Amino acid sequence: MRQLRAEIGAVARADGSAVFEMGNTKVIAAVYGPREVQNKSQLSNDQALVRCEYTMANFSTGDRKRKPKGDRRSTEISLVIRQTMEACILTNLMPRSQIDIYVQVLQADGGTRSACINAATLALADAGIPMRDLVTSCSAGYLNSTPLLDLNYLEDSAGGPDVTVGFLPKLDKVTLLQMDAKLPVDIVENVMQLAIEGCKAIATYIREVLLENTKQLEYRRGP
């Protein structure tokens, strides 16, 4: 796996925020809420409304031209992140409210979807949003007859199949499974298991980051 780096509280005015890096892929997430539902037609009496917006900064991919905000890929990834987060947020505890999740890719080098989910998890934890587990995400692929974990852009664009997994480690439950190309049946299990092991390693790292952040808050607060 590529090196992981994370920082909590990157956006001062958000209720929760985080920067998450996987190798050279760097994303930022900000969470606002729970707050009053803006569009009353979307209000639910028994659960919170979760909204998500995914964007890529124009400078994030260097010479590869980015499509404008609102293109099909951004809409699809926004939906994937929202559905993945809904699977872990205890929405029933916050009826008649909404939670907004904003994620932006600052630097793209493969695995942006996974990095966004991991950043959103940290931002939700920072905002104190109740979750049934920390959802984490990692990709794995199959290139030159070798299973590979956490693909970068060059590995991802080499044409081999890859799988993105979202995982709840304590519940041992897969909440997201996306495959971008066909994968032979006898290899699917190996590649998927590799991605799950990556998710577990990220969950361990995220817990360490949250624990360290709590210690710093206690230290600042004093006895």
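Fair warning: this is a prediction, and the values are worked out from it, not measured in the lab.
Hydrophobic clustering of Ile, Leu, Val, Met, Phe, Trp and Tyr side chains at less than 4.5 Å, counting indirect connections, keeps L49 apart from Y32. In terms of hydrophobic clustering, with Ile, Leu, Val, Met, Phe, Trp and Tyr side chains grouped at heavy-atom distances under 4.5 Å, V31 and L79 are assigned to different clusters. L148 and Y142 are not part of a single hydrophobic cluster, where members link through side-chain heavy atoms under 4.5 Å apart. Note: the hydrophobic cluster containing M131 also contains I99 (ILVMFWY, side chain heavy atoms under 4.5 Å, direct or indirect links). Note on L151: it does not cluster hydrophobically with L194, by side-chain heavy-atom contacts below 4.5 Å among ILVMFWY residues.
Between E36 and R96 there is no side-chain heavy-atom pair separated by less than 4.5 Å. Counting heavy atoms from C-beta outward, I77 and C116 have side chains that stay 4.5 Å or more apart. Between R113 and E76 there is a side-chain heavy-atom pair separated by less than 4.5 Å. With a 4.5 Å cut-off on side-chain heavy atoms, L106 and S60 do not count as touching. Between Q178 and V80 there is a side-chain heavy-atom pair separated by less than 4.5 Å. Using a 4.5 Å cut-off on side-chain heavy atoms (C-beta onward), E53 and V103 make no contact.
Y205 is linked by a ring pair (Phe, Tyr, Trp, His ring centres under 6.0 Å) to nothing, counting only residues two or more places apart in sequence or in another chain.
Counting only distance, with no hydrogens or angles, the side chain of E155 and the backbone of N152 share a donor-acceptor pair below 3.5 Å. A donor-acceptor pair is defined here as one N or O able to donate and one able to accept, closer than 3.5 Å; such a pair exists between the side chain of D109 and the backbone of Y153. Here the side chain of T146 pairs a donor or acceptor atom with the backbone of N144 at under 3.5 angstrom. At distances below 3.5 Å, at least one donor-acceptor pair connects side-chain atoms of S137 with backbone N or O atoms of V165. Remark: the backbone N or O of V135 is paired with a side-chain donor or acceptor of T121 at under 3.5 angstrom. For the pair N118 (side chain) and S114 (backbone), a donor-acceptor distance under 3.5 Å is present. The backbone N or O of Q38 sits less than 3.5 Å from a side-chain atom of Q98, completing a donor-acceptor pair. In this structure, the side chain of S78 engages the main chain of S74 through a donor-acceptor pair within 3.5 Å. No donor-acceptor distance shorter than 3.5 angstrom exists from the side chain of Q107 to the backbone of T25, with no hydrogens or angles considered.
With rounding to the nearest 0.5 Å, the separation of NZ in K182 from CD1 in I187 is 14.5 Å. For the atom pair T55 OG1 and I28 CD1, the distance stands at 10.5 Å (nearest 0.5 Å). In this structure, CG in L168 is found 9.5 Å from OG1 in T84, a value given to the nearest 0.5 Å. Considering CG of D150 and CG of D162, their distance stands at 11.0 Å, rounded to 0.5 Å. Separation of atoms SG (C199) and CZ (F167) is listed at 7.0 Å; rounding is to 0.5 Å. Between atom CD1 of residue I196 and atom SG of residue C138 there is a gap of 11.0 Å, rounded to the nearest 0.5 Å.
The heavy-atom pair separating A120 from I101 by the smallest distance is CB-CG2, 4.0 Å. When all heavy atoms of R2 and G110 are compared, the pair lying nearest together is NH2-O, 3.1 Å. Looking at every heavy atom in both residues, L149 comes nearest to G198 through CD1-CA, 4.1 Å. Closest non-hydrogen pair, L122 versus L210, comes out as CD2-CD2, 3.7 Å.
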Exercise for review: Quick one: do Q193 and E197 satisfy side chain to side chain donor-acceptor pair (under 3.5 Å)? Show the steps, please.
Suggested key: CA-CA 6 Å; Q193 196 54 47; E197 290 304 317; 3.3 Å; yes
Practice item. Would you please test Q104 and V27 for side chain to side chain contact (heavy atoms under 4.5 Å, CB included) and show each step? Key: CA-CA 6 Å; Q104 184 171 42; V27 304; over 6 Å; no
**Study point:** Step-by-step side chain to side chain contact (heavy atoms under 4.5 Å, CB included) determination, T75 to D71
**Key:** CA-CA 6 Å; T75 305; D71 67 292; over 6 Å; no
Under 3.5 Å donor-acceptor pairs involving side-chain atoms of residues 85-93, not counting sequence neighbours:
residue: E86; atom: OE1; partner: R82; partner atom: NH1; Å: 3.3
residue: E86; atom: OE2; partner: R82; partner atom: NH1; Å: 3.1

N/O donor to acceptor pairs below 3.5 angstrom from side-chain atoms of residues 3-23, sequence neighbours left out:
residue: Q3; atom: OE1; partner: R5; partner atom: NH1; Å: 3.1
residue: R5; atom: NE; partner: E21; partner atom: OE1; Å: 3.0
residue: R5; atom: NH2; partner: E21; partner atom: OE1; Å: 3.0
residue: R5; atom: NH2; partner: G23; partner atom: O; Å: 3.2
residue: D15; atom: OD2; partner: G33; partner atom: N; Å: 2.7
residue: S17; atom: OG; partner: A10; partner atom: N; Å: 2.9
residue: S17; atom: OG; partner: V11; partner atom: N; Å: 2.8
residue: S17; atom: OG; partner: V11; partner atom: O; Å: 3.4

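Using a 4.0 Å cut-off between charged nitrogen and carboxylate oxygen, D100 and R35 count as a salt-bridge pair. Salt bridge status for K170 with D133: absent, with no side-chain N to carboxylate O gap under 4.0 Å.
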